[in-house]
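This report refers to the structure that appears directly beneath it.
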2 protein chains.
Amino acid sequence: MEIENAVAALSALAHAGRLSVFRMLVQASPEGLAAGEIARRLDVPANSLSTNLHILSHAQLVSSRRDGRSVIYSARHDSMATLLEYLMEDCCGGSPEICGQLADTVLRSRCTEEGHA
Amino acid sequence: MEIENAVAALSALAHAGRLSVFRMLVQASPEGLAAGEIARRLDVPANSLSTNLHILSHAQLVSSRRDGRSVIYSARHDSMATLLEYLMEDCCGGSPEICGQLADTVLRSRCTEEGHA
DNA sequence: TCCATAATTCCACTATAGTGGAATTATGGA
DNA sequence: TCCATAATTCCACTATAGTGGAATTATGGA
């Protein structure tokens, strides 16, 4: 991942409105939500939301597909993973015991009900 | 974690210069680096770097301690973990198989040399 | 074709963030 | 005390991001 992509993704998330949208889409994975439904739930004007969804799309954090008159947005887990990997890069080279712990804290706690292959 | 804290952390990282500093500190964990050493390695003016370190500190992404005439900065893994957890929150409630996969992709690849307890 | 709903784009305005030179503060050594 | 090094704060200036009303575009149904 190039630094520009990482900055674009982080900038996209560095905004209370967009972060709320993204988290809502993470929680609505993998079905996604229509733009109108998001606007209704967060009580924001449609045009502002649209701008913010565009920013999230451009940063590749969400994808969209049209379904009739609605446009359905979903979180892109692949890009999320790439971003997190970039933030942690070479963390473990120096001290695996520290970053392994971080890994556990962050993701095991919520993701291992039936997680690893 | 409150959304304001998450936005502060993400905003702090959403800047090429600060992101470079943060990643350098992640890689220099847990010893950390002196401000002057960071400025030298990244070839940035001391005052700009100082401002950026202040922003990262304020967002609790780095901590500092004085050592003689130098100030040593280190990455704060605890805050990092909290932020990542916030981003992924309730991801797994809906679809553990998807988010477990994400967890694997992101962190196992680099962190399991001797990782989990 | 005509209307209603859904979403996006355009635009002007306001607010916030970034930049680096110069001055200041903190510390250690002679 | 005096000097050198390290880091931070101050400041004025420039650049970028956020906002929402109004207009526009896309789609489906009658």
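Letters A, B, ... mirror the listed sequences (proteins, then strands); counts begin at 1. Excluded from the calculations below are hydrogen atoms, water molecules and symmetry mates; all remaining heavy atoms, backbone and side chain alike, are included.
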- For the side chain of A:N47 and the base of D:dG21, is some donor closer than 3.5 Å to an acceptor across the two?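 When only heavy-atom distances are counted, A:N47 does reach the base of D:dG21 through a donor-acceptor pair under 3.5 Å.
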Whole angstroms only, please: what is the [atom1]-[atom2] distance between [X] and [N]?
X     : N      : atom1 : atom2 : answer
A:H58 : C:dT9  : NE2   : P     : 13 Å
B:L33 : D:dA6  : CG    : C1'   : 15 Å
B:N52 : D:dT8  : CG    : P     : 11 Å
B:L42 : C:dG20 : CG    : P     : 13 Å
B:L49 : C:dG18 : CG    : C1'   : 14 Å
A:R40 : C:dA6  : CZ    : P     : 7 Å
A:L53 : C:dA7  : CG    : C1'   : 10 Å
A:I55 : C:dT8  : CD1   : P     : 13 Å

- Watson-Crick or G-U wobble partner for D:dT19, using a 3.5 Å limit on both distances? C:dA12
- Task: With a 3.5 angstrom cut-off on both distances, give the Watson-Crick or G-U wobble partner of C:dT27, or none if there isn't one.
- Result: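 WC or wobble partner is D:dA4.
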- Item | Any donor-acceptor pair under 3.5 Å from B:R18 side chain to B:L49 backbone |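 Checked: no pair found.
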- Item | B:R66 side chain to B:G68 backbone, donor-acceptor under 3.5 Å | yes
When you check the phosphate oxygens OP1 and OP2 of [N], does a side-chain N or O of [X] lie under 4.0 Å from one of them?
X     : N      : answer
B:Y73 : D:dA6  : no
A:R18 : D:dG18 : yes
A:H15 : D:dT19 : yes

- Query: Of A:S11 and A:R66, whose closest DNA chain D nucleotide lies nearer the 5' terminus?
  - Reply: A:S11
- Along DNA chain D (nearest heavy atom to each residue), the more 5'-positioned of A:R69 and B:S48: B:S48
Contact class for [X] (heavy atom, under 4.0 Å): base, sugar-phosphate, or nothing?
X     : answer
B:S70 : sugar-phosphate
B:A46 : base
A:A39 : nothing

- Query: With a 4.5 Å limit on heavy-atom distance, are the side chains of A:Q60 and A:D78 in contact?
  - Reply: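 In short, these two side chains do not touch, never coming nearer than 4.5 Å.
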- Message: Would a single hydrophobic cluster contain both A:I55 and A:L53, if residues Ile, Leu, Val, Met, Phe, Trp and Tyr are joined by side-chain heavy-atom contacts under 4.5 Å?
- Response: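 Shared cluster, no.
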- Task: Quick one: closest heavy-atom pair of B:S64 and B:V71, and the distance?
- Result: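 Looks like CB-CG1, 3.8 Å.
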- Closest listed nucleotide, where the reference is the side chain of B:P45 and the choices are C:dG20, C:dT8, D:dT8: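 That would be C:dG20.
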